[in-house]
Amino acid sequence: MAPFLTDWRGRFTGRALAVLRPADPEQVAQLVRACAAHRVPLVPQGGKTGLVLGSVPDASGSAVVLSLARLNRVRALDALNRTITVDAGCILQTIQEAAAAEGCLFPLSLAAEGSCSIGGNLSTNAGGTAVLRYGNTRELCLGLEVVTPQGELWNGLRALRKDNTGYDLRDLFIGAEGTLGVITGAVLRLFPQPKASITALVAIAAPRQALDLLRLAQDRCGASLTGFELMSDFCLRLVGTHFPSLAQPFVTRHPQYVLLELSSSESEQHAVGLLEQTIADAIAQDIADDAVVATSVGQSLALWQLREHIPLAQAAAGKNIKHDIALPVSRIADFIDSTDALVLAAYPGCQLVCFGHVGDGNLHYNVAPPPGAAHEDFLVNQEAINRIVHDSVAAHAGSISAEHGIGALKRDELKRYKPEVELNMMRAVKAALDPLGIMNPGKIL
């Protein structure tokens, strides 16, 4: 049972009565009915890559873990309708590969795609690197199959773009982190494979220039702009320290970098022309200082690996205090400037690891101990640092959770920043669908 009880970061290990491993939706329904009859709480679990303790049981030992790992089939793919129907335990990378084999694209992409499951992605409304162009997981889902807290199997696997026949029940379960029911299957949207994708790493002086570059790129490239990631120089140096085999593209260091990707439905020549003209304009307008443009698929992957290895480099460096936040794009630079100052004033010498999907307003604002400091000792400051960061997020009209969810880790924080009227509506929905309170108790609410 041990692998099912510890969170991905190894920070917390819960207890459970048992781990249940059904093989199909009907078995899930039977198990939920049994849990409901005996008032046994259950914790739905996918790939267990979450960061907010949403898919592991608490320390009471009163719940069972319901693993969806064996529900891992691609059920159907309709290339003409551009949809794919999958089990909830299907690994994200498997879905991407199945779509690609039929000349289609499933655009959800994130660092854990080789191990996270689509049920978990839906339950947390995961974002990833392509939200700017394709939206969150919610926008990529047309229909769901769900086992209710009473053990009924709802088949909402409708492959329709338009269906105005009442309340959108699908949206209740997406982002609910397993507190309202168990997602067992989904119909997902597919897209045409782009003819070409071109990537560049652009050196800039400060986050404010990133916003200027984003506006320029959107004006010049429109929907062709599919990725726009901000990384500080400290992030790249951290990757270089722990993954020296990954080449650093610039000889001269710069304060900040933007990883920019264009996808063209026309041709590689069209994408290259758009990207080169955008970068040339950015340099001419003193928005950018330098740029490296990938000239092959291998070089493009190498640039993306720098971005995707930031969390891995952080893990290799030791423990840190993570914040997954969302802000209006226009306020990102102000937030970074003011929050950096507040955190460094309170904890001199601490290391700020700030990166993220600036194109959609999502930052990963992480705080690591000063060099040489004991990591466990620094973690005792987590609550105080959370308060500084989250208060600043609220002051800048943002959200304390962009794409990782609330789980158990941010539950008390949610009460501080969510209006009471909003919490009461959420409690009413929870009470209506799960009156026994057996679905993933202690998470979100």
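This one's a predicted model, so the numbers in the text were calculated from it and none came from an experiment.
Trp304 and Glu229 are not linked by any side-chain donor-acceptor pair at a separation below 3.5 angstrom, with hydrogens and angles left out of the test. Between the side chains of Ser263 and Ser197, a donor-acceptor pair is found at a separation under 3.5 Å.
Using cut-offs of 30° and 60° for the angle between ring planes, the Tyr257 and Phe250 rings count as parallel. The aromatic rings of Phe335 and Tyr365 sit perpendicular, their planes meeting at an angle over 60°, well past the 30° parallel limit.
For Glu113 (side chain) and Leu110 (main-chain N/O), a donor-acceptor pair under 3.5 Å exists by modelled atom type. Without hydrogens or angle criteria, Gln209 side chain to Ala206 main chain gives a donor-acceptor distance under 3.5 Å. Judged by distance alone, the side chain of Asp324 and the main-chain N or O of Ala402 form a donor-acceptor pair under 3.5 Å. No donor-acceptor pair closer than 3.5 Å links the side chain of Arg133 to the backbone N or O of Leu225. Looking at Asp289, its side chain never comes within 3.5 Å of a backbone N or O of His254 through a donor-acceptor pair. Of the possible donor and acceptor atoms, one in the side chain of Glu139 sits under 3.5 Å from a partner among the backbone N and O of Asn136. Gln351 contributes a side-chain N or O that, together with a main-chain N or O of Pro369, makes up a donor-acceptor pair within less than 3.5 Å.
A salt bridge does not link Lys48 to Asp7: none of the charged side-chain nitrogens sits closer than 4.0 Å to a carboxylate oxygen. Under a 4.0 Å N-O distance rule, the pair Arg427/Glu420 qualifies as a salt bridge. Under a 4.0 Å N-O distance rule, the pair Asp434/Lys430 qualifies as a salt bridge. Electrostatic pairing of Arg208 and Asp334 counts as a salt bridge here, judged by a charged N lying under 4.0 Å from a carboxylate O.
The environment of CZ in Arg215 is sparse: at most 12 heavy-atom neighbours from other residues, nucleotides or ligands sit within 6.0 Å.
For the pair Val429 and Leu433, the minimum side-chain heavy-atom distance is below 4.5 Å. Taking 4.5 Å as the limit, some side-chain heavy atom of Phe4 sits within range of a side-chain heavy atom of Arg21. Between Thr184 and Leu153, some side-chain heavy-atom pair lies under the 4.5 Å cut-off. The closest side-chain heavy-atom distance from Met439 to Pro441 is not below 4.5 Å.
In terms of heavy atoms, Cys221 sits closest to Thr278 at SG-OG1, 3.4 Å. Considering every non-hydrogen atom in both Gly181 and Pro149, the closest pair reads CA-CD, 4.4 Å. The two atoms that bring Ser62 and Val40 nearest to each other are O-CG1, 4.0 Å, heavy atoms only. Here the closest heavy-atom approach between residue Ile183 and residue Ser123 is recorded as CD1-OG, 3.9 Å. Nearest heavy-atom pair, Val329 versus Gly359, reported as atom, atom and distance to 0.1 Å: CG2-O, 4.0 Å. Residue Ala397 comes nearest to Pro328 through the heavy atom pair O-CD, 3.5 Å, listed as atom of the first residue, atom of the second, then distance.
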Derivation of the side chain to side chain donor-acceptor pair (under 3.5 Å) call for Asn366 and Gln314
CA-CA 9 Å; Asn366 303 333; Gln314 283 189 275; 3.0 Å; yes

Before you tell me yes or no, could you show the steps for His309 and His242 under ring pair (Phe, Tyr, Trp, His ring centres under 6.0 Å), namely the whole-Å CA-CA distance, both residues' side-chain angles and the distance that decides it to 0.1 Å?
CA-CA 9 Å; His309 276 71; His242 296 281; over 10 Å; no

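Ring pair His404/His323: centre-to-centre distance not below 6.0 Å.
Separation of atoms CG (Leu142) and CZ (Arg82) is listed at 13.0 Å; rounding is to 0.5 Å.
Note on residues 435-445: no pairs pass salt bridge (Lys or Arg N to Asp or Glu O under 4.0 Å), not counting sequence neighbours. For residues 375-390, the set of pairs meeting the salt bridge (Lys or Arg N to Asp or Glu O under 4.0 Å) definition, not counting sequence neighbours, comprises Lys319-Glu376, Arg387-Glu413. Listed by first then second residue, pairs satisfying salt bridge (Lys or Arg N to Asp or Glu O under 4.0 Å) with a partner in residues 235-244 read Asp233-Arg237, not counting sequence neighbours.
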